[in-house]
Structure formats: C-alpha cells, structure tokens
Amino acid sequence: ERVAQSMPAAAAEIWAGTFHAFGLEILRKFGHLADVAAPVRLLDQADVLALLEQDLPVLGLDHYLRLHEPLSELRYILNAISRAKDEVKSADDYPAAAARMAEAARTEEEQIKAAKAAEVARVYKHYEQRMRGEGLVDFADLINRPVEILKKHPEVRDELRGQYQDLLVDEYQDVNR
C-alpha cells in the first residue's frame, strides 16, 4: 500500500512479502528440486507434533521421553530442529555438532547436554527423512529448502537474479542470530 501510494506506476512491478512468503513462492515454483510435493503442503506445529507422535516408538528417545508429557518433549526437540533449520544447518550437520559437544564436555551437566543434542540429531534425521519422503514442509523449511535449491541449482539462482533486481530483507534477526 505504501509503495502504491508513493509510486503507483511502480507498485505493479514489485513483489512484496515476508521472507517466508518469498521462500514459499520459490518452493511453489522450484520445490520439486528439494523433495517438495506440489501443491506445497505446509505443516503447522500441531501437524508436525502429530506426525512425530506417531513415530514415538521408533525415535529411540531416552533423555527426551517423559511418558506423561511426550508432546512437551517433542515440542522441545522440534524447537531445536527449527533453530537448526533457521541457521541453515541440515540433519547431516547436527550429529557433528553434537559430537563436538560431547568431546568438549567436562562436567556431567555438559555430558547430558551433549547426549540430548545427539538425541535431537537422531530425531532430526528421522524427521527430515519422513518430511521429504512425503513431500512435506514445515515453517523453517520456507527458508531452508529455498537456500538448498539456490545452492544446488545455479540455473534457478540465475533465473531469480534476473527476475529480481533488488531484494530487501528486514528483521531477519527475529528468527536467526
């Protein structure tokens, strides 16, 4: 609206939205390059919790399984996975980070944190395989998967560079350090 008021002729030429919306546009057009089914099916937190709750018996949880509160435990794990995705860290990156934590651990508390990180790494791997296998995406994938596409497919990167002369990203710090 502000662009349309200040420059009515230019407004029609401008695509404006959040960076998550921009990521969704990329996935709609190029998602097939990153195991995303068409149309894009974006799962919310309740959907993702239900998906992982079905898989509880095979997740191998030890540190994160209090039988009376499995959903709160899964929420914690999903938050850790989401933070990793926001930092563009893959399910393959996470185990190495957990191993570094274990190697550096000197106290029992640090060892427990490292063991929990290793558990998150296992769940992340399972979760990612399940999501990709079914062609699904979560909110963090709206950033993570477009980055994957742009890194692996220079032709897509070049096409988008040709389409968008300028890109302004504002307040990314809200989701990423």
- Could you go step by step and tell me if E119 and R122 meet the salt bridge (Lys or Arg N to Asp or Glu O under 4.0 Å) rule? CA-CA 5 Å; E119 199 162 282; R122 286 193 312 274; 3.6 Å; yes
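- The number of heavy-atom neighbours closer than 6.0 Å to CD of E109, taken from other residues, nucleotides and ligands shown, is 12 or below.
- No side-chain heavy atom of M101 sits under 4.5 Å from any side-chain heavy atom of E110.
- Under a hydrophobic clustering in which Ile, Leu, Val, Met, Phe, Trp and Tyr are joined whenever their side-chain heavy atoms come within less than 4.5 Å, directly or via other members, V156 and L24 fall into the same cluster.
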- Message: Does Y127 form a side chain to side chain contact (heavy atoms under 4.5 Å, CB included) with L51? I'd like the steps, not just the answer.
- Response: CA-CA 9 Å; Y127 174 70; L51 183 129; 4.3 Å; yes
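- Contact between R145 and L136 at its shortest, heavy atoms only, is NH2-O, 3.4 Å.
- Here the straight-line distance linking atom CG of L42 with atom CG of D47 works out to 8.5 Å at 0.5 Å rounding.
- Taking the six-membered ring wherever Trp is involved, the centroid distance between the rings of W15 and Y164 does not fall below 6.0 Å.
- Within the 4.5 Å cutoff, the side chain of M131 has heavy atoms near those of the L43 side chain.
- Residues L49 and L74 come closest through the heavy atom pair CD2-CB, 3.7 Å.
- Checking each of R132, R130, K85, R41 against D138 for a salt bridge (charged side-chain N to carboxylate O under 4.0 Å, His left out) leaves exactly one that passes, namely K85.
- Applying the side-chain contact (heavy atoms from CB on, under 4.5 Å) test between V120 and each of L61, I81, N79 identifies I81 as the sole match.
- The distance from the CG atom of L33 to the NE2 atom of H153 is 4.0 Å, given to the nearest 0.5 Å.
- Residue L59 comes nearest to H126 through the heavy atom pair CD2-CD2, 3.4 Å, listed as atom of the first residue, atom of the second, then distance.
- Counting heavy atoms from C-beta outward, L27 and P146 have side chains that approach closer than 4.5 Å.
- In this structure, E87 CD and S82 OG are separated by 10.5 Å, a value rounded to the nearest 0.5 Å.
- A 4.5 Å side-chain heavy-atom check between L78 and V123 finds every atom pair outside the cut-off.
- The distance from the CD atom of E128 to the OG atom of S90 is 8.0 Å, given to the nearest 0.5 Å.
- Proximity of I112 to T107: side-chain heavy atoms (C-beta onward) are nowhere separated by under 4.5 Å.
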- Query: K29 and E159: salt bridge (Lys or Arg N to Asp or Glu O under 4.0 Å), yes or no, with the steps?
  - Reply: CA-CA 11 Å; K29 192 168 182 181; E159 181 178 332; 2.8 Å; yes
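- Between E103 and R100, none of the side-chain N atoms (NZ, or NE/NH1/NH2) sits under 4.0 Å from a carboxylate O, so this pair counts as no salt bridge.
- Under 4.0 Å is where a charged nitrogen must lie from a carboxylate oxygen, and between E25 and R28 at least one such pair does.
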Extract all donor-acceptor atom pairs below 3.5 Å that involve side chains of residues 4-12 and protein atoms in other chains or at least two apart in sequence.
unit_1: S6; atom_1: OG; unit_2: R2; atom_2: O; d: 3.2
unit_1: S6; atom_1: OG; unit_2: V3; atom_2: O; d: 3.4

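- Within 6.0 Å of CD in Q54 there are more than 12 heavy atoms belonging to other residues, nucleotides or ligands.
- Taking the centre of each ring, H20 and F139 come in below the 6.0 Å mark.
- Expressed to the nearest 0.5 Å, how far NZ of K89 lies from OH of Y94 amounts to 12.0 Å.
- R161 has its side chain within reach of D158: a pair of non-hydrogen atoms, C-beta onward, lies under 4.5 Å apart.
- Between the CD atom of Q129 and the CG atom of D55 there is a distance of 11.0 Å, given to the nearest 0.5 Å.
- Side chains of K116 and Q111 form no contact here, defined as non-hydrogen atoms less than 4.5 Å apart.
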